[in-house]
Engineer: 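Quick one: this structure, given as structure tokens, is what I'll be asking you about.
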Amino acid sequence: DVQNRAKNITSPVAYAVVYEFVRTVTAIYPNPTLLDIAADVISQFIKSTNHNLKYLGVTGLAAIVKDHPKYAADHQMIVLDCLDDPDETLKRKTLELLFRMTNPINAEVVVDKLIHFLEQSMD
């Protein structure tokens, strides 16, 4: 029920409360159910067209992935797409998250995207 309500929020205050929920869940003793909800909700932030919400999403996912790296794989492609965003701050935060997310299984995909990103950045 909480997860469904979190997906239908529209006010900035509600987004702030949900983000604080994610921060709290990552700071307390790990509860798999709450972590699943937090990761799902944070993916909605990352998918948003609002740059501020994307930034919060990347930041929130970084907090989750720091201690629970299994959640990175589910959101890898969405995070990689953030490198194409025009917001430079979001790109920098995404690079930090990609550093935390990269592992032997996804290294080739991440490195290919990073090379493409660097080629575009040199213009």
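Scope of the values below: all heavy atoms of this structure, side chains included, with no hydrogens, waters or symmetry mates. Just so we're clear, the structure is a prediction, and the values are computed from it rather than from any experiment.
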Engineer: For the CG atom of Leu83 and the CG atom of Leu98, what is their distance to the nearest 0.5 Å?
Structural biologist: 5.5 Å
Engineer: Is there a continuous path of hydrophobic side-chain contacts, each under 4.5 Å between heavy atoms, that joins Leu61 to Phe99?
Structural biologist: no
Engineer: Looking at Lys113 and Asp84, is there a salt bridge between them, counting it only when a charged N and a carboxylate O are closer than 4.0 Å?
Structural biologist: yes
Engineer: Quick one: NZ on Lys54 to OG1 on Thr89, what's the gap to the nearest 0.5 Å?
Structural biologist: 13.5 Å
Engineer: Quick one: do Ile78 and Val111 end up in the same hydrophobic cluster if we chain Ile, Leu, Val, Met, Phe, Trp and Tyr together by side-chain heavy atoms under 4.5 Å apart?
Structural biologist: no
Engineer: For a quick test of reading the model, state the closest non-hydrogen atom pair linking Leu35 to Pro30 and the distance between them.
Structural biologist: CD1-CB, 4.0 Å
Engineer: Measure the spacing between OH of Tyr15 and CD of Glu20 and express it to the nearest 0.5 Å.
Structural biologist: 16.0 Å
Engineer: State whether a side-chain donor-acceptor pair under 3.5 Å links Asp36 with Tyr71.
Structural biologist: yes
Engineer: Check whether the ring centres of Phe45 and Tyr55 lie less than 6.0 Å apart, and answer yes or no.
Structural biologist: no
Engineer: Answer yes or no: is there an ion pair linking Asp85 with Lys91, defined by an N-O contact shorter than 4.0 Å?
Structural biologist: no
Engineer: Roughly how far, to the nearest 0.5 Å, is NE2 of His75 from CD1 of Ile42?
Structural biologist: 9.0 Å
Engineer: Any idea which heavy atoms bring Thr102 and Ala107 closest together, and the distance?
Structural biologist: CG2-CA, 3.9 Å
Engineer: Taking all heavy atoms of Tyr19 and all of Leu56, pick out the closest pair and write down the distance.
Structural biologist: CE1-O, 3.5 Å
Engineer: More than 12 non-hydrogen atoms from neighbouring residues, nucleotides or ligands closer than 6.0 Å to CD1 on Ile105, yes or no?
Structural biologist: no
Engineer: Would you say Leu95 and Val110 are hydrophobically clustered, going by side-chain heavy atoms of ILVMFWY under 4.5 Å?
Structural biologist: yes
Engineer: Enter the distance from Arg92:CZ to Glu88:CD here, rounded to the nearest 0.5 Å.
Structural biologist: 6.5 Å
Engineer: Considering all heavy atoms of both residues, which atom of Ala63 and which atom of Arg100 are nearest to each other, and what is their separation?
Structural biologist: N-NH1, 4.3 Å
Engineer: Judged by atom type as modelled, is there a donor-acceptor pair below 3.5 Å linking the side chain of Asn106 to the main-chain atoms of Val109?
Structural biologist: no
Engineer: Of the non-hydrogen atoms in Val58 and Cys82, which two are nearest, and what is the gap between them?
Structural biologist: CG2-SG, 4.1 Å
Engineer: Under 4.5 Å between side-chain heavy atoms, hopping through other hydrophobics if needed: is there a path connecting Val17 to Phe21?
Structural biologist: no
Engineer: Closest approach of Ala62 and Leu97, non-hydrogen atoms and distance?
Structural biologist: CA-CD1, 3.5 Å
Engineer: Between CG of Asp81 and CD of Gln76, what distance do you get to the nearest 0.5 Å?
Structural biologist: 10.5 Å
Engineer: Side-chain contact test, heavy atoms from C-beta onward, threshold under 4.5 Å: evaluate it for Lys66 versus Thr26 and give yes or no.
Structural biologist: no
